[in-house]
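What follows is a single structure, written as structure tokens, with notes after it.
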Amino acid sequence: MVEQSDRAPLLDWEEVPPADTTAVVPSLDTENAPEQSPENRRALGSTAPGTGWSTSPSAVAVAAAVSGEAGAVHAGPGWDAQNPAKGDHTFPGWDGVSTKDRRAEEWEEKDQIVAVFVVTFDTRSGNMVEWCLPQDVNLDGVEFKSMASGSHRITSDFIYFRKGCYFGLACFANMPVESELERGARMKSVGILSPSYTLLYRYMHFLENQVRHQLQCPGQYSPLEAFYEDKKALLPPAGNGLITACPTSAWGTALNRCMHPEMKITHPAGCMSQFIRFFGEQIMVLWKFALLRRRILIFSPPPIGVVCYRVYCCCCLANVSLPGVGASVPEFRPFFYINVADITALETELSYVACTTEKIFEEKKELYDVYVDNQNVKTHRESLQPLLRLNSADREKYRKLSEQRQMLLYSQEVDGDCNSSEEDLFILFFMEQNNRIFQTLSEVAGSADPTLTADHVRAMGLDPQGDRGFLVDLLELYGIDAMLVIDNPCCP
């Protein structure tokens, strides 16, 4: 039975001690500057994340396990590359990493808060930024991103969003008050901006407490001021507005599981299990759209926090650990929460995943390829319609996934296995599936007879007939020189 709701609770904030070094982050004045050049942007299969798009500790370990190659760690969008604690060389392989590679240690994403702000709802002016640090920061539009449309109907929420080249996390709360001026309700959001969203979850509990404080004691900003002074990012002295990217290095030998921070439900990476239970077999439909880099828009009424998690999880479905795969295709980028103010930005995006509370987006069909309303996945593009139909191979993959999950849960309950998690299981499942597809396609394309047969398709875990259109699109998008010769009968 597919679950109808997977609202995530807010758990305690656990902050990791600050690193000895602080990474360089982009200047806020350059957030509207043109995108970085292709060599500075990380495509799928690259080891050097670009601005704000990084790779996760779990993904690194999983990628290493799948590829089996030292120094060939490649993960998809939405991950954060975590490094060992400075001076800790106790894990295998670290002694073999060069001094140049160890510079990646200094790239750790810690204390990179570039702005703190309070947004309020004014009965005369609407949403407005009430207070912020630094005072000259450009926060145009953040008042609508951090207080989702329709939030007046709920008591609390949290929102991930994108602002220029930065990511934000805001906690919203709505408190009834006996005030005619405020029309019986006081609504505020407290939020932060950072170059990457992967560590924002650490401050969830702090933001939740602060928004309650702002509702009860409006105008008292000293805790937020102290927080910003403690966590503010170091801006580049040269003022070039570029973040220092993690150097390409042999992470496959340098990382192991003992370094991974505990992932909690307040972090987007902790929700894959809920995501798959919510969508059920439809997860296989989303998986194909993700691999094809389609523009996916998820609609939901408030609260929007758990839907922001679904955005992240959709990006995870496209992870590949094979070197070079996807270097020439659009990057699959999480936009998280969007509103009508983002329409202009979305018009130029070739591939993204986002969520919204504004139903008007459903009519803006030129902005998206796939529209998800609750558990209903649909597309207005005729060429994509066949991908909405589940075939026997899709159901078999979902059966195997569910079976593996049950085995894991049994192992955890009976054997007390704490080394494996559902998160790892789901990520590894889809990564292995994606690797198998691209490995087979690569081998066929490089052979003397680059012809894909029905046996090749079955070996990839796909349906020779039901997945024909999907494979044709995949070959074209990724520029794979192979010929598909499977007959496509006009009648089933």
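For clarity, every value in this text was computed on a predicted model and none was experimentally measured.
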Residue list, side-chain contact (heavy atoms from CB on, under 4.5 Å) with [X], at least two apart or on another chain:
{"X": "Asp455", "result": "Thr453, Arg458"}
{"X": "Ser149", "result": "Tyr337, Thr357, Glu358"}
{"X": "Glu143", "result": "Val119, Asn127, Val129"}
{"X": "Leu350", "result": "Pro330"}

With no hydrogens and no angle check, is any side-chain donor or acceptor of [X] less than 3.5 Å from a backbone partner on [Y]?
{"X": "Asn434", "Y": "Ser321", "value": "no"}
{"X": "Ser442", "Y": "Phe438", "value": "no"}
{"X": "Lys145", "Y": "Arg162", "value": "yes"}
{"X": "Asp157", "Y": "Gly305", "value": "yes"}
{"X": "Gln375", "Y": "Phe278", "value": "yes"}

Open item on the list: Using the rule given for salt bridge (Lys or Arg N to Asp or Glu O under 4.0 Å), can you reason through Lys359 versus Asp373, listing the C-alpha separation, both sets of side-chain angles and the distance that settles it, and then say yes or no?
Closed with: CA-CA 10 Å; Lys359 195 69 173 177; Asp373 187 344; 2.7 Å; yes
Within a reach of under 6.0 Å around [atom1] of [X], are more than 12 heavy atoms found that belong to other residues, nucleotides or ligands?
{"X": "Glu366", "atom1": "CD", "answer": "yes"}
{"X": "Lys365", "atom1": "NZ", "answer": "no"}
{"X": "Glu347", "atom1": "CD", "answer": "yes"}

Can you tell me how far the [atom1] atom of [X] sits from the [atom2] atom of [Y], to the nearest 0.5 Å?
{"X": "Met284", "Y": "Asn391", "atom1": "CE", "atom2": "CG", "value": "10.5 Å"}
{"X": "Glu396", "Y": "Leu462", "atom1": "CD", "atom2": "CG", "value": "12.5 Å"}
{"X": "Ile283", "Y": "Cys314", "atom1": "CD1", "atom2": "SG", "value": "6.5 Å"}
{"X": "Asp463", "Y": "Leu390", "atom1": "CG", "atom2": "CG", "value": "11.5 Å"}
{"X": "Phe429", "Y": "Leu317", "atom1": "CZ", "atom2": "CG", "value": "11.0 Å"}

Side-chain donor-acceptor distances from residues 401-409 under 3.5 Å, at least two apart:
| from | atom 1 | to | atom 2 | distance (Å) |
| --- | --- | --- | --- | --- |
| Ser402 | OG | Tyr398 | O | 3.0 |
| Glu403 | OE2 | Arg399 | NH1 | 3.0 |
| Arg405 | NE | Glu422 | OE1 | 2.6 |

Open item on the list: Under the side chain to side chain contact (heavy atoms under 4.5 Å, CB included) test against Leu452, which residue among Val485, Leu441, Ile480 passes?
Closed with: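 The single option meeting the side chain to side chain contact (heavy atoms under 4.5 Å, CB included) with Leu452 is Leu441.
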Task: Distance-minimising heavy-atom pair for Thr379 and Asp369 - done: OG1-O, 2.6 Å
Task: Ile192 versus Phe117, closest heavy-atom pair with distance - done: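 In terms of heavy atoms, the two residues are closest at N-CE2, 3.7 Å.
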Task: Contact list for residues 371-392, test ring-ring contact (aromatic ring centres under 6.0 Å, His included), sequence neighbours left out - done: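 For residues 371-392: Tyr368-Tyr371, Tyr368-His380.
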Task: Matching residue for Tyr309 among Phe158, Phe336, Phe275 - test: ring-ring contact (aromatic ring centres under 6.0 Å, His included) - done: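 That would be Phe158.
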- [ ] Name the orientation class of the two ring planes belonging to Tyr197 and Phe167 (parallel below 30°, tilted from 30 to 60°, perpendicular beyond 60°).
- [x]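 The rings of Tyr197 and Phe167 stand perpendicular, inter-plane angle above 60°.
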Open item on the list: Salt bridge check, Lys288 against Asp473: does any charged N sit closer than 4.0 Å to a carboxylate O?
Closed with: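 No, no charged N to carboxylate O under 4.0 Å.
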